[in-house]
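A short worksheet on the structure shown next.
Every chain is numbered from 1, with letters handed out A, B, ... down the list of sequences.
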2 protein chains.
Amino acid sequence: MLKLSTKGRYGVKAMFDLAQHVGEGPTSLKSVAERQGISEHYLEQLISGLRKSGLVKSVRGAQGGYILGREPSKIKIGDIIRVLEGPIAPVDCVSEEDPECCAKAEFCVTRTIWEKVRNSIAEVLDSITLETMLEDAKKLEAERSLYMYYI
Amino acid sequence: MLKLSTKGRYGVKAMFDLAQHVGEGPTSLKSVAERQGISEHYLEQLISGLRKSGLVKSVRGAQGGYILGREPSKIKIGDIIRVLEGPIAPVDCVSEEDPECCAKAEFCVTRTIWEKVRNSIAEVLDSITLETMLEDAKKLEAERSLYMYYI
DNA sequence: CAAATCCCGACTGTTTTAATAAGATATGGG
DNA sequence: CCCATATCTTATTAAAACAGTCGGGATTTG
């Protein structure tokens with residue numbers, strides 16, 4: 001029902017966590033899982049897909065972990081979601097890739113609605129990058145300080 | 001994964017079907033199910049919710065069926081989806097109604113993303129009415145005729 | 001070598017989905 | 001008044017998806 005599964009949610013959280021530690025060498029999944037309150041084993045499964053798609057790189061062995069595959073400004077939330085949840089499509093007949101077309105697709109009025117929904121979701125998710133999120137986090141942090149000051 | 005279930009899809013199809021027969025007296029579920037290629041029994045369950053929410057009215061007995069609860073221009077696709085799929089919310093913490101807030105909601109960067117997604121979905125679904133769909137169907141029909149003409 | 005860490009596949013319990021089935025209730029027409 | 005046609009309601013179910021858990025293997029640092 002237009003719900004994101006934990007895959008997408010956890011994945012974005014984890015990627016954001018990695019973005020917050022960019023330039024500090026590899027970050028272990030254990031620490032990500034602890035900070036974000038996610039099962040480490042489950043996170044392993046999710047990150048596997050992210051690695052295969054190149055969104056993160058892994059460093060094996062002790063002191064190993066994960067680093068972002070490219071700069072935060074080059075990683076869109078849409079990239080993450082597509083890897084973890086599959087192509088964006090409220091219904092299969094308007095999938096971004098391989099749309100399983102029904103016979104009446106050309107003249108289906110219902111279909112045009114789902115296309116609009118898909119486009120609007122993709123537009124939002126592709127307009128936000130990990131860099132954007134880092135900036136937003138800074139702003140929220142500033143507001144929070146201000147708020148605390150008045151208490 | 002941001003998928004609509006058949007409830008939403010079938011529901012919109014069924015409501016659109018009723019809209020196409022507005023003013024013709026009650027339309028039986030059987031005929032709707034046949035035209036739209038949906039299991040009649042399953043459709044019964046879906047329409048039950050639509051009736052309870054006033055989007056359709058029922059007429060029992062022979063020659064009975066369903067009619068729209070108000071004019072097509074007053075029924076938004078968002079209304080239908082909310083009844084059949086629940087409040088629009090890619091994740092629970094940004095539900096349109098009773099958002100189950102997590103403790104960190106105020107300062108959660110991830111959350112703001114899901115809010116934007118929710119708003120963009122709601123905006124699309126609330127901008128389209130059954131009336132809009134009827135107009136679109138007319139246009140598609142016209143195009144189709146034109147296309148057929150050239151063959 | 002030992003500890004930390006990534007990597008991989010199999011298994012499990014719960015929930016959701018998408019129906020199906022069976023019967024109760026209502027009503028217009030003959 | 002009866003019956004075919006409908007709406008209503010509840011229960012059951014098969015299959016899939018979801019959200020992990022578990023056990024073990026491979027790789028690297030100290």
Between atom [atom1] in [X] and atom [atom2] in [N], what is the gap in whole Å?
| X | N | atom1 | atom2 | result |
| --- | --- | --- | --- | --- |
| B/Leu46 | C/dA18 | CG | P | 10 Å |
| B/Tyr42 | C/dA22 | OH | P | 20 Å |
| B/Leu18 | D/dT7 | CG | C1' | 14 Å |
| B/Ile38 | C/dT17 | CD1 | P | 17 Å |
| B/Ile67 | D/dT7 | CD1 | C1' | 14 Å |
| B/Lys3 | C/dT15 | NZ | P | 24 Å |
| B/Leu43 | C/dA18 | CG | C1' | 13 Å |
| A/Leu84 | D/dA17 | CG | P | 17 Å |

Pairs where residues 27-38 of chain B contributes a residue and the test salt bridge (Lys or Arg N to Asp or Glu O under 4.0 Å) is met, not counting sequence neighbours: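 Passing the test, one end in residues 27-38 of chain B: B/Asp17-B/Arg35.
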
Within residues 63-78 of chain B or reaching into it, pairs that qualify as salt bridge (Lys or Arg N to Asp or Glu O under 4.0 Å) - sequence neighbours excluded: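 Applying salt bridge (Lys or Arg N to Asp or Glu O under 4.0 Å) to every pair that reaches into residues 63-78 of chain B, excluding sequence neighbours, yields B/Arg70-B/Asp79, B/Glu71-B/Lys74.
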
Within-4.5 Å side-chain heavy-atom neighbours: A/Tyr66 and A/Val32: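 Side-chain contact under 4.5 Å: no.
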
Can you confirm whether A/Met15 sits close enough to A/Ile75 that some side-chain heavy atom of one is under 4.5 Å from a side-chain heavy atom of the other?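 Yes. Closest side-chain heavy atoms under 4.5 Å.
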
Pairwise 5' ranking along DNA chain C for B/Ala62 and B/Tyr10, keeping only the more 5' one: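 Its nucleotide being nearer the 5' end, the pick is B/Tyr10.
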
Please table the atom pairs, donor to acceptor, closer than 3.5 Å between any side-chain atom in residues 126-133 of chain A and protein atoms at least two apart or in another chain.
residue  : atom : partner  : partner atom : Å
A/Asp126 : OD1  : A/Arg82  : NH1          : 3.1
A/Asp126 : OD2  : A/Arg82  : NH2          : 2.8
A/Ser127 : OG   : A/Glu123 : O            : 3.4
A/Ser127 : OG   : A/Val124 : O            : 2.7
A/Thr129 : OG1  : A/Glu131 : N            : 3.2
A/Thr129 : OG1  : A/Thr132 : N            : 3.1
A/Thr129 : OG1  : A/Thr132 : OG1          : 2.9
A/Thr132 : OG1  : A/Thr129 : N            : 2.9
A/Thr132 : OG1  : A/Thr129 : O            : 3.3

Kindly state each residue pair satisfying side-chain hydrogen bond (donor to acceptor under 3.5 Å, both in side chains) with at least one member in residues 54-64 of chain A, sequence neighbours excluded.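 Matches after skipping sequence neighbours: none remain.
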
Give every residue pair that meets the side-chain hydrogen bond (donor to acceptor under 3.5 Å, both in side chains) criterion with at least one member in residues 112-122 of chain B, sequence neighbours excluded.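 Found A/Ser120-B/Ser120, B/Arg111-B/Glu115.
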
Every protein N/O within reach of nucleotides 12-16 of chain D N/O, cut-off under 3.5 Å:
none

According to side-chain contact (heavy atoms from CB on, under 4.5 Å), who are the partners of A/Glu44, at least two apart in sequence or on a separate chain?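 With neighbours one apart ignored, the set is A/Leu29, A/His41.
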
Under 3.5 Å donor-acceptor pairs involving side-chain atoms of residues 7-14 of chain A, not counting sequence neighbours:
none

Just the atom pairs and distances: protein N or O near nucleotides 6-8 of chain C's N or O, under 3.5 Å.
residue : atom : partner : partner atom : Å
C/dC6   : OP1  : A/Leu29 : N            : 2.9
C/dC7   : OP1  : A/Ser58 : OG           : 2.5
C/dC7   : OP2  : A/Arg51 : NE           : 3.2
C/dC7   : OP2  : A/Tyr66 : OH           : 2.6
C/dC7   : N4   : A/Glu44 : OE1          : 3.2
C/dC7   : N4   : A/Glu44 : OE2          : 3.1
C/dC8   : OP2  : A/Arg51 : NH2          : 2.8
C/dC8   : N4   : A/Glu44 : OE1          : 3.2

